[in-house]
Amino acid sequence: MGGTIRVITRKPDPLEFGGEVVGSWESVTDGGTGYGIRATVNAPLINDELALRVNLATSERPGYIDVPDLGIKDANDVDQKHVRLALGWTPSDRMDLQLSYIDQSLDLETHSWSTSRGVFDIQNAEPLGMWGPTLRLSPQENHFRLSNLTVQYDFDWGAFVSATSYFDSERYFLEDVSHLTTLYFGVPGSFTNEQDLPLDSLTQEFRLSSNNETLNWTVGAFFKRNRRSGWQALEVDLADIGLLDVAKYQRDIKSSSQALFGEVDYKLSERWAIQAGGRYYSDDRTFAAIDLTSSIVFGTVAGARSVERGSDDDFAPSIGLSWEGEENLIFARAAKGFRGGGINLSAEFVPDLIPSQNEAEELWTYETGLKSRMWDNKLQLNAYLYFNRWDSIQVGQGAEGLYVYTSNAGEAEAFGTEVELTVQ
């Protein structure tokens, strides 16, 4: 519930050469056909010390959505290409270095939701004219590159880890929203939303942890820097009233995050242990927009500039107590979490309805539970009791049926229990 999915890729193996090639073919009922090819090679370069792993993949996923207004069938096919290079080096028993690079592209011919006639009548579904003919496809192109270097050094008493990542992405899409022209302007026409928003991100984490039977601790620091600079263009073409209007914006978004964290796990006795920790974080963000064109419909003036700044900082503590027996573990834990605030990009269009920023969200969670093993581990019983409380919770909103943004909605609570029984 609001957690993280972690993908751990296989490391290069310095002991054995190997590889595989996998091919696939698929067909969708009332849709198209597609294929996929994936090849993997693992090559030791220096026995028991240095190895290279290469993954190459290409696929074409079949489409199944028809766009009858354009006479196109199976329009939503997807082309994907993937390259992953991984180099692993273990120069000694104490040091391990892992260097990886991922390059992936994903191209969609359209993300239009049109369908076959007779299945959904897009001409007459809404008396207000909410739906209308599709005038063009809505393609989307995504390309991202991710580089990572992780260095681990083991001491007799603990370990040091440094993780550095650089992420670079390009995302372009053209969205046909011509079905909105009758609703907003009273006459049919063409209405498109076009965006090109590249992003680059740098993260660095240092972590130092101990390895002790009685007292274990972890301390670390984290830094992240994001930069996004691109443009957005809204074009309205109403031939019936002779109006062609283009609103184009240049956007520059910068943000940085810093955090210090630490945790201690101390054994009070053979059975009892206490855990305590905390994380201090600070976020800073800046949003700047420049109107590149003057627009009658959207009320922009070429050369006009707006700047929005925001920041958050807080401390998130955690504390826990546990008792561990031969076959039972009883624990209680309280912890605070957070989600940083942000800037609503759509506020520049309707500032009277959309707040320029949303505040940070906080969460306190309290949990107690039992983990029990009986009958030589043939029966396992887990039982938990928890209470969560959110403050300034962030929720998605909509304005005028066209703009989306995030706001803070106050408080929320969740109380529950979970019981799990496994018999083997």
Side-chain angles (χ1 to χ4, degrees), residues 1-13 15-16 18 20 22 24 26 38 40 42 53 55 84 86 88 96 98 150 152 154 158-159 161 163 205 207 209-218 220 261-279 316-339 361-391 393-394 411-424:
M1 186 171 61
T4 299
I5 298 176
R6 184 183 182 197
V7 179
I8 303 176
T9 55
R10 182 173 294 180
K11 293 182 179 181
D13 185 354
L15 297 177
E16 184 176 359
E20 66 176 5
V22 178
S24 65
E26 62 180 313
R38 187 178 77 249
T40 302
N42 184 91
R53 188 175 182 86
N55 298 87
R84 177 176 180 265
D96 179 75
Q98 298 292 328
T150 300
Q152 178 170 330
D154 293 329
V161 176
E205 178 173 330
R207 188 169 63 252
S209 58
S210 68
N211 182 16
N212 188 280
E213 291 186 2
T214 303
L215 175 65
N216 277 310
W217 50 264
T218 298
F261 57 90
E263 187 175 57
V264 174
D265 188 343
Y266 178 64
K267 274 198 168 187
L268 300 172
S269 65
E270 184 179 354
R271 301 294 189 188
W272 289 93
I274 187 171
Q275 302 83 33
R279 181 183 183 95
S318 67
I319 187 169
L321 183 65
S322 61
W323 181 90
E324 185 172 5
E326 295 278 335
E327 297 180 332
N328 299 284
L329 171 66
I330 302 174
F331 69 93
R333 182 173 182 266
K336 181 181 179 181
F338 61 86
R339 176 160 50 180
E361 173 185 338
E362 296 182 355
L363 165 68
W364 269 102
T365 176
Y366 306 89
E367 183 181 18
T368 183
L370 164 70
K371 295 175 181 287
S372 180
R373 302 184 301 272
M374 294 171 279
W375 298 347
D376 295 328
N377 288 334
K378 294 180 180 178
L379 187 145
Q380 299 179 27
L381 173 65
N382 300 330
Y384 312 102
L385 187 67
Y386 64 87
F387 174 75
N388 296 335
R389 177 186 175 90
W390 291 266
D391 289 316
I393 187 171
Q394 296 176 4
E411 301 175 354
E413 295 180 351
F415 176 81
T417 183
E418 180 177 330
V419 178
E420 179 184 41
L421 179 66
T422 302
V423 179
Q424 184 173 349

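Computed from heavy atoms alone, side chains included, the values below leave out hydrogens, waters and symmetry copies. A quick note: this is a predicted structure, and the numbers were derived from the prediction, not measured.
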Only pairs under 3.5 Å count here: list side-chain donor-acceptor contacts from residues 326-339, not counting sequence neighbours, and write none if there are none.
from, atom 1, to, atom 2, distance (Å)
N328, OD1, S372, OG, 2.6
K336, NZ, D314, OD1, 3.3
K336, NZ, D314, OD2, 2.9
R339, NE, E361, OE1, 3.3
R339, NE, Q394, OE1, 3.4
R339, NH2, E361, OE1, 2.7

Do F415 and L385 come within less than 4.5 Å of each other through their side chains, counting heavy atoms only? yes
Can you confirm whether more than 12 heavy atoms, excluding those of R10, are under 6.0 Å from its CZ atom? no
Straight-line distance of Y266 OH to N212 CG, nearest 0.5 Å: 10.0 Å
Once you round to the nearest 0.5 Å, how far does OH of Y384 lie from CG of L370? 8.5 Å
Worked check of side-chain contact (heavy atoms from CB on, under 4.5 Å) between L363 and I393: CA-CA 8 Å; L363 165 68; I393 187 171; over 6 Å; no
Rounded distance (nearest 0.5 Å) linking atom NZ of K371 with atom CD of E324: 11.0 Å
Any side-chain heavy-atom pair of R38 and E20 under 4.5 Å: yes
Side chains of R53 and T40: does their closest heavy-atom pair fall under 4.5 Å? yes
As an exercise, state the distance from CG of D265 to OG1 of T218, rounded to the nearest 0.5 Å. 9.0 Å
Let me confirm one number: the CG-CD distance from D376 to Q424, rounded to the nearest 0.5 Å. 11.5 Å
How close do L215 and V264 get, counting heavy atoms only, and between which atoms? CD1-CG1, 3.4 Å
Least distance between heavy atoms, Q275 atom then L321 atom: OE1-N, 3.7 Å
Less than 4.5 Å apart, side chain to side chain, heavy atoms only: is that true for L381 and V419? yes
Looking just at side-chain N and O atoms, do Q98 and D96 make a donor-acceptor pair shorter than 3.5 Å? yes
Hey, are E263 and R279 close enough for a salt bridge, meaning a charged N less than 4.0 Å from a carboxylate O? no
To the nearest 0.5 Å, tell me how far R373 CZ sits from N382 CG. 10.0 Å
